[in-house]
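Shown next, in structure tokens, is the structure this report addresses.
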Amino acid sequence: MFGLKRSKYIADSSVFSLRRVYKMALLSTPVRTLLEMYPPQPNKLQMMSELCKSSVLIRERHRVEKTLHALQQEGGGSLHVISDFDMTLTKFAHNGKRVPTTHNILDNRLLVDEECGKKMRELLSTYYPIEIDTNRTVEEKLPFMVEWWTKVHQLLVEQKIRKDRLAQAVRESTSMLRDGCKIFFDCLADQNIPLLIFSGGVGDVLEEMIRQNHIFHPNIHVISNYMDFDHTGVLRAFKGQLIHTFNKSQGALSLAARVPKLQARPNVLLLGDSLGDLNMAAGVSNPRNVLTVGFLNDQVDERRESYVNSFDIVLTKDETMDVPNAILKFVTSSADNK
């Protein structure tokens with residue numbers, strides 16, 4: 001018994017001695033050397049300074065960090081981007097003035113007369129407050145959105161808009177893409193990451209805007225409201241099913257069927273400015289990792305809670321693509337370097 005206790009004591013003493021020596025060695029090691037031996041592991045969100053701005057709201061930081069890590073681990077080859085256009089890829093305001101949407105760009109004397117422009121603006125002032133009303137459900141808003149889009153399209157058809165004047169109308173407009181949008185589009189193209197744009201706007205105008213900014217790359221796919229011109233180049237109708245803020249999921253399903261290679265990309269970065277935009281990922285059959293970014297452009301105080309509870313990341317009054325660009329850079333960088 002004595003021998004057993006003695007040997008146990010000796011073993012404990014040896015461990016104690018080793019621990020004491022180890023601690024003393026650490027105490028005598030320069031701090032710089034220790035940091036090199038055991039570098040601190042930074043929080044991934046802290047590594048992205050763009051996510052630390054006061055304009056960025058994140059409800060579940062741990063979940064966002066986990067999703068970012070998963071997206072980065074699988075890389076750009078598993079990712080595709082789904083985005084709205086008006087007030088998401090384009091600015092909401094510039095120098096204190098509202099930036100026109102693709103529909104508003106058509107309010108140009110080249111294309112429509114003064115009376116038509118007045119009626120379009122009246123429709124905007126009537127229906128836009130309904131679109132962003134936090135006290136109404138999506139179901140309550142739906143008939144108003146259909147009514148709004150239908151009336152505007154009818155007005156435009158009555159004006160017999162000429163196709164050959166669209167490019168000039170876009171050039172003369174004050175509409176503009178968000179700062180950093182070219183970097184975003186070019187990076188997606190360089191990485192061969194598909195960009196799916198779902199827009200309730202006018203597809204012909206949307207494409208012309210992208211084209212004039214020299215960023216219409218082959219990886220871009222657009223679902224929107226397209227004009228139907230007759231053989232003389234005069235608008236006679238709008239093609240296909242009407243697409244508005246709250247029915248983009250149908251377009252998403254349609255595009256998914258047309259572009260089967262997207263099924264091999266189960267990870268999604270989704271960008272939108274409306275709660276209805278969250279349905280744009282409906283076409284992804286088996287999504288693995290989805291990160292949603294919402295641009296809260298207007299009535300921030302009234303809508304903050306609903307946006308924070310719905311989007312992973314919310315950007316308040318941010319007219320740049322800084323955050324999406326930072327996310328894209330992080331995701332497409334090598335995980336081994338992190």
Side-chain angles (χ1 to χ4, degrees), residues 82-90 92 98-107 112 115-159 161 196-206 222-228 235-257 270-283 292 294-307 309-311:
I82 301 176
S83 181
D84 172 51
F85 188 75
D86 287 318
M87 298 180 286
T88 296
L89 294 177
T90 65
F92 174 77
R98 283 288 300 270
V99 171
T101 65
T102 51
H103 275 105
N104 299 141
I105 288 174
L106 298 176
D107 182 6
V112 303
E115 182 62 23
C116 177
K118 180 182 177 182
K119 289 180 180 179
M120 289 175 62
R121 291 189 292 274
E122 289 174 349
L123 290 172
L124 175 66
S125 63
T126 299
Y127 290 101
Y128 177 67
I130 296 175
E131 179 187 348
I132 64 174
D133 187 353
T134 57
N135 296 316
R136 296 176 190 251
T137 66
V138 171
E139 290 71 22
E140 291 173 329
K141 294 177 181 181
L142 279 174
F144 292 103
M145 297 302 101
V146 173
E147 190 174 280
W148 180 13
W149 261 257
T150 301
K151 288 181 177 179
V152 169
H153 286 181
Q154 185 58 40
L155 283 172
L156 294 173
V157 170
E158 291 172 357
Q159 292 295 300
I161 290 175
L196 317 182
I197 300 177
F198 295 92
S199 173
V202 181
D204 308 80
V205 178
L206 180 163
V222 180
I223 290 287
S224 187
N225 298 299
Y226 280 90
M227 295 175 165
D228 187 10
L235 177 63
R236 64 178 184 179
F238 275 80
K239 300 176 183 177
Q241 181 183 3
L242 178 69
I243 298 175
H244 56 75
T245 304
F246 298 109
N247 73 340
K248 293 181 182 179
S249 60
Q250 298 175 27
L253 292 169
S254 170
L255 185 58
L270 185 148
L271 312 176
D273 75 298
S274 164
L275 296 181
D277 292 332
L278 290 166
N279 295 322
M280 294 188 298
T292 60
F295 289 89
L296 179 50
N297 302 306
D298 196 16
Q299 294 190 0
V300 173
D301 292 337
E302 296 87 343
R303 300 197 288 166
R304 179 184 285 108
E305 183 177 359
S306 61
Y307 271 60
N309 288 334
S310 302
F311 287 96

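In what follows, residues are counted from 1 in the order of the sequence shown. Note that this is a predicted model, so its numbers are computed, not measured.
With rounding to the nearest 0.5 angstrom, the CD atom of E158 is 7.0 Å from the NZ atom of K119. Separation of atoms NZ (K118) and CG (L155) is listed at 13.0 Å; rounding is to 0.5 Å. Separating the CG atom in L275 from the CG atom in L296 is a distance of 9.0 Å, to the nearest 0.5 Å. Between the CD atom in Q299 and the OG1 atom in T134 there is a gap of 7.5 Å [rounded to 0.5 Å]. Rounding to the nearest 0.5 Å places CD1 of I132 at 16.0 Å from OH of Y127. Considering CE of M145 and CD of E140, their distance stands at 11.5 Å, rounded to 0.5 Å.
Checking T245, N104, T102 one by one against D86, the side-chain hydrogen bond (donor to acceptor under 3.5 Å, both in side chains) holds for a single residue, T102. For the side chain to side chain contact (heavy atoms under 4.5 Å, CB included) criterion with D84, the lone passing option out of L271, D277, L89, L270 is D277.
The two atoms that bring M280 and S83 nearest to each other are CE-C, 3.8 Å, heavy atoms only. Heavy-atom minimum distance, L206 versus S224: CD1-OG, 4.5 Å. The shortest non-hydrogen separation linking F198 to K248 is O-NZ, 3.4 Å. Shortest non-hydrogen contact noted between I243 and S199 is CG2-O, 3.7 Å. Here the closest heavy-atom approach between residue S310 and residue T292 is recorded as O-OG1, 4.2 Å.
For the pair R136 and F246, the NZ or CZ position fails the cation-pi test of under 6.0 Å to the six-membered ring centre and within 45 degrees of the ring normal.
Y307 places a side-chain N or O within 3.5 Å of a backbone atom of D273 that can act as its donor or acceptor partner. With hydrogens and angles ignored, the 3.5 Å screen pairs a side-chain donor or acceptor of N225 with a backbone N or O of G200. The closest donor-acceptor contact from the side chain of D107 to the backbone of R121 lies at 3.5 Å or more, if one exists at all. K141 places a side-chain N or O within 3.5 Å of a backbone atom of D133 that can act as its donor or acceptor partner.
Side-chain contact check for W148 versus E131: some heavy-atom pair is nearer than 4.5 Å. In this structure, the side chains of E147 and H244 stay at 4.5 Å or more apart for every pair of heavy atoms. Here the side chains of L196 and I223 are not in contact, with every heavy-atom distance at 4.5 Å or above.
Every residue two or more places apart in sequence or in another chain was checked for a ring pair (Phe, Tyr, Trp, His ring centres under 6.0 Å) with F144, and none qualifies. Qualifying ring pair (Phe, Tyr, Trp, His ring centres under 6.0 Å) partners for F85, counting only residues two or more places apart in sequence or in other chains: none. Partners of F238 by ring pair (Phe, Tyr, Trp, His ring centres under 6.0 Å), not counting sequence neighbours, listed by chain and number: H153.
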L156 and V112: CA distance, side-chain angles, deciding distance, side-chain contact (heavy atoms from CB on, under 4.5 Å) verdict = CA-CA 7 Å; L156 294 173; V112 303; 4.1 Å; yes

Evaluate the side-chain contact (heavy atoms from CB on, under 4.5 Å) criterion for residues L235 and V157: first the C-alpha distance (whole Å), next the side-chain angles of each, then the deciding distance (0.1 Å), finally the verdict.
-> CA-CA 6 Å; L235 177 63; V157 170; 4.2 Å; yes

Stepwise side-chain contact (heavy atoms from CB on, under 4.5 Å) check, M87 with R98 | CA-CA 10 Å; M87 298 180 286; R98 283 288 300 270; 3.8 Å; yes

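Remark: D228 engages R236 in a salt bridge, criterion side-chain N to carboxylate O under 4.0 Å.
Shown here is E305, whose CD atom has no more than 12 heavy atoms of other residues, nucleotides or ligands within 6.0 Å.
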